[in-house]
Each structure stands twice: as structure tokens, then as C-alpha cells.
Amino acid sequence: MVAGLSRLFVAVQLTTEARHALADRVLAAAPGGLPGRPVPPPNWHLTLRFLGDVEAVGQDRVLAALDQADLGAPFTVTWGAPGAFPRPRRAAVLWVGADRGADHLESLAAATEEAAVSAGFPDEDRPFRPHLTLSRIRPEEDVTSLLAAMPPLGVVMPVDRIVLYRSHLGRGGASYQEIEEFPLG
Ligand code: ATP
Ligand code: MG
């Protein structure tokens with residue numbers, strides 16, 4: 001970490017119920033554990049916009065922009081089928097996608113992006129792919145059979161706010177600190 005800078009991102013937090021239900025179902029689908037470096041369930045989240053290392057003034061600007069943003073009405077997400085980036089045969093990231101609610105997550109990411117740009121951040125040029133990261137795999141592995149054995153998780157979750165987080169990178173993995181939440185609707 002560079003002194004004076006905060007590593008920020010905006011995300012959808014899981015509800016406690018959804019976190020537990022997802023953890024149960026992932027464990028049931030992969031009783032031997034996930035390949036790679038699993039993200040501990042308390043850290044599971046869905047990133048809408050990664051902001052990177054930000055000075056205090058940038059943080060203030062993004063807080064103000066998110067306060068002003070039209071984030072739309074609350075909605076429901078159904079966590080569905082697992083998948084892998086860049087592809088199952090050479091997976092670097094194992095994730096869970098959203099079945100129902102993916103379109104709403106895209107709108108929410110677009111509103112977040114608009115707020116970030118109005119706060120002076122550069123455009124995100126990568127397309128938004130809503131996903132919840134379960135594990136990071138280095139070197140890449142073939143997870144085709146694991147994915148085939150993992151049914152859609154079918155966990156339903158309300159989304160009624162987004163959260164600005166500060167990430168602290170450490171040897172034992174990242175930890176996330178909630179800075180502020182912004183209600184939908
Ligand atoms: P670690 O980096 O130790 O594996 P992490 O990726 O969870 O942990 P961060 O790197 O601080 O922690 O990332 C915070 C969130 O932002 C994560 O959801 C991560 O996937 C996402 N993220 C990080 N870098 C980028 C990036 N360049 N573009 C888009 N999202 C990113
Ligand atoms: Mg990272």
C-alpha cells in the first residue's frame with residue numbers, strides 16, 4: 001500500500017442468509033474443497049466497480065457521486081450456475097453467476113460507473129460480467145468436471161444497497177473494510 005492512498009471498490013454485499021446458503025451449497029457440490037485459493041465465505045461479494053488506489057480527495061468525490069447517483073429500485077438476484085474465467089478448461093477464476101437479476105446488476109454497475117466517471121475516474125473499458133468469485137487458481141486448471149458436478153445454486157437474495165469498500169491486501173489474503181453504504185430506491 002502507498003501512504004495516503006486507499007484501495008477502493010464498490011460492491012454488492014451478500015446478505016448473511018445468502019452467504020450461509022451459498023457456502024452450504026458450494027461445500028455440498030465440492031466436498032473435497034475448491035481448487036486454487038478459495039475466497040473465504042465472509043469475503044464473498046460482487047464487485048460493481050474497482051477504483052484502485054485513491055487519494056482522500058478522490059474518495060470524497062466518489063462518496064459524493066454515489067450519494068447523488070440514481071441507483072434504481074431494490075431487486076432480487078438468484079445466484080445460479082458456477083462458471084470460470086477465462087474458460088473452464090483453463091480456469092483462473094471460479095465464480096458463481098446471477099440467473100435472475102443479472103440485468104439489474106448490469107444497470108447497477110452502469111450507474112456506479114457513471115458515478116465513478118463523474119467523480120473523475122477513467123472509464124472502465126472492460127465489459128461488466130456479474131460474478132461472485134469463489135476461488136483464484138494459479139496455475140490455471142481444467143475445472144470442466146467440477147462445473148459439471150455443480151448444479152445451479154439457486155440462492156435468492158435481495159439487493160437493496162451497494163457498499164464502498166476499502167481493500168487491505170495482506171499475506172493472509174485481502175480484508176475488506178466497509179466505508180459507506182448507499183441504499184437503492
Ligand atoms: P487478492 O488481490 O489478494 O486476491 P482481492 O482480489 O479480493 O484479493 P483486491 O485486489 O483488493 O482484493 O480487489 C477487490 C475487488 O476488486 C475484488 O472483487 C477484485 O476481483 C476486484 N478487482 C481487483 N482488481 C481489479 C481490476 N483491475 N479490475 C476489476 N476488478 C478488480
Ligand atoms: Mg485482487
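Because the structure is a prediction, the values reported are computed rather than measured. Remember, it's 1-based here, ligands and their atoms both numbered in the order they're listed. All values below come from the heavy atoms of this structure, side chains included, with hydrogens, waters and symmetry mates left out.
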Does any part of the side chain of V96, heavy atoms only, come nearer than 4.5 Å to the side chain of M150, both counted from C-beta?
no
I need the [X] [atom1] to [Y] [atom2] distance, nearest 0.5 Å.
X	Y	atom1	atom2	value
I162	L48	CD1	CG	6.0 Å
E106	R129	CD	CZ	10.0 Å
L8	E55	CG	CD	11.5 Å

Using a 4.0 Å cutoff against the non-hydrogen atoms of [X], which atoms of ligand 1 qualify?
X	value
H45	15 (C), 17 (C), 18 (O)
A174	8 (O), 12 (O)
R37	4 (O)
S167	9 (P), 11 (O), 12 (O)

Could you check [atom] against the protein and tell me its nearest heavy-atom contact, residue, atom and distance included?
atom	answer
atom 29 (C) of ligand 1	R126 NH2, 3.1 Å
atom 22 (N) of ligand 1	F50 CD1, 3.5 Å
atom 3 (O) of ligand 1	L169 CD2, 3.8 Å
atom 10 (O) of ligand 1	R7 NH2, 2.6 Å
atom 7 (O) of ligand 1	Y176 OH, 2.2 Å

Can you tell which of R136, R166, E124, H131 gets a heavy atom nearest to atom 20 (O) of ligand 1?
R136
Atom 15 (C) of ligand 1: of N43, T133, V39, T47, the nearest heavy atom sits on T47
Backbone N/O of R126 and side chain of E124: donor-acceptor pair under 3.5 Å
yes
Residue list, salt bridge (charged side-chain N to carboxylate O under 4.0 Å, His left out) with R90, at least two apart or on another chain
E140
Does anything in residues 41-52 pair up under side-chain hydrogen bond (donor to acceptor under 3.5 Å, both in side chains), and if so which pairs, sequence neighbours excluded?
H45-T47, R49-E113
Measuring from non-hydrogen atoms of Y165 to any atom of ligand 1, is the shortest distance under 4.0 Å?
no
Check: Q13/E178 side-chain N/O donor and acceptor closer than 3.5 Å:
yes
